[in-house]
Undergrad: 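Could you have a look at this structure, given as structure tokens, before my questions?
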Amino acid sequence: MRRTFLALVGLSVMVTVLIGLKSGPAASLLGWSAESGLGPDGTSGLPPTGAAVPDGATPDPSGAAAPAVSGSPPAGPTASGPAATSGPAPTGGPAPSSAAPPPPPPPQTTTVTGAAVEVRTAQSPTSKSEPCGDCHDYTISVTVTVTDGRVTATSVAYNPSPGGSLSYANQANNRLSQAILSAQTWNLGRVSGATYSGNAWELSAQDAMRRAGLPV
Amino acid sequence: MCSRAGSPLARLTRVMPPYGEVRTPGRARPLVGTGQLPALRAHPTLDSRSTMLEPTAQYRRRPRRRRRAGQVVVAAFWLGLAASVASWWFNTPTGSVVDVGGALVEASRITGMIAGYVLLVQVLMMSRVAWLDRTISANNLLGAHRDLGFALLVLVLLHAALSVVGYARLSGISLVEETTLMLTSFEDMVSAVVATGMLVAIGLLAVRVVRNRLPYELWHFLHLSSYAVLLLSYGHQFAVGRELAGDGPVTWVWAGTYGLVVACLVQGRVISPLRFNLRHRLRVAEVVNEGVDVISIYIEGRRVDEIRVRAGQFFRWRFLAKGMWWQAHPFSLSAAPNGRWLRLTVKAVGYHTEQLKWLDPGVRVFAEGPSGVFTADHRRRHRALLMAAGSGIAPIRALLEELPRGTVVIYRASSVDDLIFREELDWLADMRDAEVLYVLGGRDDPGPRRLMSPKGLRRVVPDVSRRDVYLCGPEGFVTSAVAVLTRLRVPRKQIHLDPFEF
């Protein structure tokens, strides 16, 4: 019997470790560092927001030099906002024209589709006695539109249709897509009534946001 | 045949009385029987003298092969357990556990898979299928069954609790609401709950205190409801279990395993015994008195020489006579198989064994087996030490015929009148160059106490750590013997125990 007790204790430890290894970036749960998410690593080409703002930093010398040359461009360092000054290129000025700042890019809007996450519903929650005709395996795929580092719109695609669970899935989608716009994070807590598809929605959104370069 | 000091036999068999005196062995009671077979005092085994020599080629097997088989089975168990957990592992996306509710649900899935696996293993262990019964000692099987049973109960309760709490947290509803939702919305959950309740009841009944208060047959009958547990829990695993709800390979393998276990059950409990008994049609030939309240039952039948049984193994005997047919009891063979009859020796300790004394010759016998690994070919060393107490002498007496020269037998008994097989043992000692030591007295008498101490035992058997030790007797005797042997540094694998109490 002592062996059994030891075995059960070992089992509890093993279960905890296994679940810990599968836990996601919500470090509040276990304090473990997050492992990578669903899809391959790598950004989609949009540089991460915090990394660099190369466009706005109009080099001072050219701004200062400009008035010396022509006087028309606006005073340099007070270039405000990301919509930076159209980079003047004073020809012939002492400022090296090769260092002329590139035109600041327009506000970038990216649309990224997250990975399709499988949802396995056991049965439509409303019908116990029906045969399992409403059992579905389908995938949720959330498409996220990111503008200037903020989520501005989402849309969802099911493949194939959730069948009887469609109304529940749509309810969940409505609430979640509203919530993500205000919270700007994919971890939106749980939506009661659509446990499975709610969870999968968030996972897919997480993947989309990560691919779009947002910190998740 | 009395052995007196000075005769050649006295060299080989020694009676060690408790107080240092030699006492004349008393005479056995008058024989009971029809006289069809030679009576005890005329050495029935003398008729089959050829089997007293070295084991025949049919029975000669290398010990090494047997040992591995047990290890393979144990390794397969752990492999299956790992596979069950692996099916959860590969089915869970990394990073998908993000809150406490999710973690609890995943824990409930792991415990569910393991519990399902352990339940299958439990049923398989008790299926009496040949490749299990003849590879792993009945002792170990029973011990593992008890331990795993307790673990199973804990796992199932954990699984249920974790599911309810986990899903309740995920959905943000109360525990009561979640339980109601589970029972009403999901297939086969009601039967799963019933199965859990039955498992709890079986677990409570299996507690030693409760078990001893019930008559064994009733307890066994109630325990058989564990088959219903297997049946009732099947549904929800496949309907609701995430690992098994899809149509992938895991589902098919799991369902296939269920099928295999049921097949083994049918084979071990129904098909194999039926085939054995229809082929051999065993009957009681003779009931012979061996001593005080001890009888030997000789069983004969058709093609007895084709029964593949070794000395030290046992059958579960069911005597098809009035009042006895509904019980099956395990008894070891008390003589090595000789191709003509089988003999079992029983001490009348309860109602059923008391009734066995009055068996009529000709009564049909339904035997299940043979089972057990308490055999000569399971030993690791060449020589052996046999230790028996009370009616544990039965398989020891049989083993003595199949072990090589130089075997030492220690026979513990309270008094001379309790000794059985005295003449046979003396004769065998002579023929096979074995040493038989009768140690009489209670546990605290000086003779036995001296013997059951490391120094005393080593004096009697100097090379004990290089021998295989076969022990058979009541629990107290076996425990103290194992303790002494361990202190003498006899490797645990060289100590063989016969399951004495079922």
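What you see below is based on every heavy atom in this structure, not just the backbone, and it leaves out hydrogens, waters and symmetry mates. Proteins come first, then strands; the chains are lettered A, B, ... in the order of their sequence lines, and each starts at number 1.
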Undergrad: Please report the shortest heavy-atom distance between Ala103(B) and Ile19(A), naming the atom on each side.
TA: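 In this case the closest contact between Ala103(B) and Ile19(A) is O-CD1, 3.3 Å.
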
Undergrad: Is it true that atom CH2 of Trp252(B) has more than 12 heavy atoms of other residues, nucleotides or ligands lying nearer than 6.0 Å?
TA: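 No, the 6.0 Å shell around CH2 holds no more than 12 heavy atoms from other groups.
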
Undergrad: If you round to the nearest 0.5 Å, how far is CG of Leu152(B) from OG1 of Thr4(A)?
TA: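 If we round to the nearest 0.5 Å, Thr4(A):OG1 and Leu152(B):CG are 12.0 Å apart.
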
Undergrad: Select one option (side chain, backbone, both, neither) describing which atoms of Leu8(A) are under 4.5 Å from chain B's heavy atoms.
TA: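 Only the side chain of Leu8(A) comes within 4.5 Å of chain B.
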
Undergrad: Rounded to the nearest 0.5 Å, how far does CG of Leu155(B) lie from CG of Leu11(A)?
TA: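 Output value for this atom pair is 5.5 Å.
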
Undergrad: Quick one: which residues of residues 194-211 of chain B reach chain A at under 4.5 angstrom, heavy atoms only?
TA: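 If one takes a 4.5 Å heavy-atom cut-off, no residue of residues 194-211 of chain B lies near chain A.
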
Undergrad: Suppose we screen for salt bridge (Lys or Arg N to Asp or Glu O under 4.0 Å). Which residues come up paired with Arg487(B), at least two apart in sequence or across chains?
TA: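 Counting only residues at least two positions away or on another chain, Arg487(B) forms no salt bridge (Lys or Arg N to Asp or Glu O under 4.0 Å).
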
Undergrad: For the atom pair CE (Met14(A)) and CD1 (Ile114(B)), what is the distance rounded to the nearest 0.5 Å?
TA: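 That separation rounds to 4.5 Å.
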
Undergrad: For Trp89(B) and Lys22(A), which heavy atoms make the closest approach, and how far apart are they?
TA: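 Reported closest heavy-atom pair: O-NZ, 2.9 Å.
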
Undergrad: With rounding to the nearest 0.5 angstrom, report the CG to CZ distance, Asp147(B) to Arg2(A).
TA: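 Rounded to the nearest 0.5 Å, the CG-CZ separation comes out at 11.5 Å.
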
